[in-house]
Amino acid sequence: TKQMSDRTSSRLLSLDTLRGFDMLMIMGGSGLLGSIVLWCPTPFFQALAEQTHHVGWNGLHMQDCIFPLFLFIAGISFPFSLEKQQANGYSESRIHRKVIIRGLVLVFLGMLYNGLLQLDFAHQRYASVLGRIGLAWMFSALIFMHTKTAGRVIWLIALLLGYYLVMRFWPLERPDGVGWFDPDGTVARYMDQKFLPGRFAGGGFDAEGLFSTVPAIGTAMLGMLTGCFVKKGGAFTNGSRKTLIMIGAAAVLAVIGLLWSLVFPINKLMWTSSFVCVVGAISLLLFAVFYYIVDVRKWRRWTLFFSVIGMNSITIYLAQKFISFWHTDGAIFGGILNMVPPDMNKTFSWTFYICLCWGFLYFLYRKNVFLKV
C-alpha cells in the first residue's frame, strides 16, 4: 500500500531487508533448515544442518555469522541517523546523550532477557547479546562522531591489532600445558573471572564478556564505515560502482582475516580479530548484494516479508523470550502436526512457528508500532 511505501521511503530498504533476513535465522530459520535433514538426509542437507550449529571453539559456521551481521547492520545505520539528527538541529551533547542512553538501554534489556526480574543477582548473567550490541555500537558511534575516515580506520586497526597483542603477549600465569589461546588460558577468560560478576554463559568465561567486546567495536565500526561510504555522493553516486567497490573491499578483508587466522584463529567465542575481518567480509558482501538488488536495481516486491521482521527486530528477539509462541503453535496447528510423518514434524513445526512470529510482527507493522531503542 501507499502507506507502507511511504513508511520505508526514507529508509535504506536494503538494510531493513538484510536485517530481517538475518533476524529470520534467529526467529526459527536455522531450526527450519536444520530439520530438513531428518526427512531428506542427503549430503547437502547434512552439511547445511551442520552449518546451523555454532562451532565449539576455532572455526566458522553460518550460525556464527548471525550475531556479528546484526551488529554490522547496526553500524551501517548510524551515519544515516547521525546526519538526520544533525539536520534536525540536535546539538552534539544531545546526540551524545542519545548514543549513550541507547547503549545502556540495550545492556539493561540484555540483562532483562537473562532473567533480571528473578532478582537472583548472585546467579544473574550480566553479559548478553544485546549488551554487546549496545556497548560495541555505543563506543563505535562515539569514535565515529569525533573522527574522520582516516581516524576511524586507525581506530579500527588499533582495536583489532591491540586485542591480538594483548591476548598473545599479556603475561599471565597459566597451568602447565595451557597455551595463550586455550579456553582456560586466554586473557579474555582472566578478565571475565576478575571483573565480571554473576554467572557466565561459557563456563569459565562469557561468550559476550568484557574484554572480547573490544574487537566487537571493530565490527560496528566496519558497518559505520560502510554506511558512510554508501552515503557518499560525487564520484560515488553510481550504485553499481559502489557495489563493486564493496565487493572488492570484502575480498580484501577476507584475505586479511584468513592470513591473520594463521596466528590468531577465527573464533566467535573470543571474537578474535581474524573473526572480525572474515565475518566482516561476509557481512559486507551480503549487504552489497542486498543493496544492489533492492536499492540500485529496485527489485523490491519480495522485500516485505523480510522488512517486516527487520523493522521490529529487537521486538521479536525479546518477544520470543517472554511470549510462548511454541504454545500457540501447538494450540493452533497441533492437529496438523499430529497428521504429518514423524520425521517431518519438526519442519512443519518450525514453519508454523515462523508464520506465527511473522504474523505478530505484521500486525505491529500495520499498526505502525515499532520498538525503537
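This is a predicted model, so every value here is computed, not measured.
- We find that R19 and D16 are joined by a salt bridge, their nearest charged nitrogen and carboxylate oxygen being less than 4.0 Å apart.
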For side chain to side chain contact (heavy atoms under 4.5 Å, CB included), just list the numbers for Y163 and M270, CA-CA rounded to whole Å, side-chain angles, deciding distance to a tenth of an Å, and then say yes or no. CA-CA 10 Å; Y163 183 66; M270 291 291 102; 4.1 Å; yes

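- Aromatic ring pairs are classed by plane angle as parallel below 30°, tilted from 30° to 60° and perpendicular above 60°; the pair W358 and Y362 is parallel.
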Would F205 and Q193 satisfy side chain to side chain contact (heavy atoms under 4.5 Å, CB included), going step by step from the backbone distance to the final call? CA-CA 7 Å; F205 62 91; Q193 292 199 339; over 6 Å; no

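- In this structure, the separation between CG on L160 and OG1 on T219 is 7.5 Å, given to the nearest 0.5 Å.
- The side-chain hydrogen bond (donor to acceptor under 3.5 Å, both in side chains) with D64 is formed by just one residue from the set K268, H54, H53, Q51; it is H54.
- Looking only at side-chain heavy atoms (C-beta outward), V230 and I76 stay at 4.5 Å or farther from each other.
- Across all non-hydrogen atoms, the minimal contact from I266 to S261 is CG1-CB, 3.7 Å.
- Here the closest non-hydrogen pair linking D192 and D206 is OD2-N, 3.0 Å.
- Checked by atom type, the side-chain pair S30/T52 shows no donor-acceptor distance below 3.5 Å.
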Does the ring pair (Phe, Tyr, Trp, His ring centres under 6.0 Å) test come out yes or no for F139 and W155, once each step is laid out? CA-CA 11 Å; F139 286 117; W155 265 102; 9.8 Å; no

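- The closest side-chain heavy-atom distance from L24 to I354 is below 4.5 Å.
- For F181 and F264, the ring centers sit closer than 6.0 Å to each other.
- A pairwise comparison of heavy atoms in C65 and L60 identifies SG-CD1, 4.1 Å as the closest pair.
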What do the steps show when you test S212 against E208 for side chain to side chain donor-acceptor pair (under 3.5 Å), and what is the final call? CA-CA 7 Å; S212 57; E208 282 78 49; over 6 Å; no

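- The CG atom of D295 sits 10.0 Å away from the NZ atom of K242 when rounded to the nearest 0.5 Å.
- Residues R152 and L225 come closest through the heavy atom pair CB-CD2, 3.8 Å.
- Linking Ile, Leu, Val, Met, Phe, Trp and Tyr residues whenever their side-chain heavy atoms come within less than 4.5 Å places M246 and W299 in a single cluster.
- With contacts defined as side-chain heavy-atom distances shorter than 4.5 Å, the pair V107/M138 does not qualify.
- Using cut-offs of 30° and 60° for the angle between ring planes, the F169 and Y164 rings count as perpendicular.
- The shortest distance between side-chain heavy atoms of I217 and W137 does not fall below 4.5 Å.
- Neither V278 nor V55 shares a network with the other; the hydrophobic side chains, linked directly or stepwise wherever heavy atoms of I, L, V, M, F, W or Y lie under 4.5 Å apart, form separate groups for each.
- The two residues W326 and S349 have their closest heavy-atom pair at CZ3-OG, 3.1 Å.
- Applying ring-ring contact (aromatic ring centres under 6.0 Å, His included) to W350 and the options Y353, F348, F352 leaves one that passes, Y353.
- Here CZ of F200 is found 9.0 Å from CZ of R189. Values are rounded to the nearest 0.5 Å.
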L222/L284 under side chain to side chain contact (heavy atoms under 4.5 Å, CB included): CA gap, chis, key distance, verdict: CA-CA 9 Å; L222 283 172; L284 181 55; over 6 Å; no

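- Judged by distance alone, with hydrogens and angles left aside, the side-chain atoms of D182 form no donor-acceptor pair with the main-chain N or O of G185 at under 3.5 Å.
- A distance of 8.5 Å separates CZ in F44 from CD1 in I36, rounded to the nearest 0.5 Å.
- Nearest approach of G257 to C277, heavy atoms of both residues: CA-CB, 3.5 Å.
- With N338 contributing its side chain and G334 its backbone, the two residues share a donor-acceptor pair below 3.5 Å.
- To the nearest 0.5 Å, atoms CZ (F290) and CG (D22) are separated by 9.5 Å.
- Considering W271, F275, F72 in turn, W271 is the only one that fulfils the ring-ring contact (aromatic ring centres under 6.0 Å, His included) rule with F67.
- Within the 4.5 Å cutoff, the side chain of L15 has heavy atoms near those of the F287 side chain.
- Here the side chain of N58 pairs no donor or acceptor atom with the backbone of N267 at under 3.5 angstrom.
- W39 and T347 form a side-chain donor-acceptor contact under 3.5 Å, judged by distance and modelled atom types alone.
- Between F360 and F325, the ring center distance clears the sub-6.0 Å criterion.
- Between V296 and S240 the shortest side-chain heavy-atom distance falls below 4.5 Å.
- For the atom pair L304 CG and I309 CD1, the distance stands at 10.0 Å (nearest 0.5 Å).
- The aromatic ring centroids of Y190 and F211 lie 6.0 Å or more from each other.
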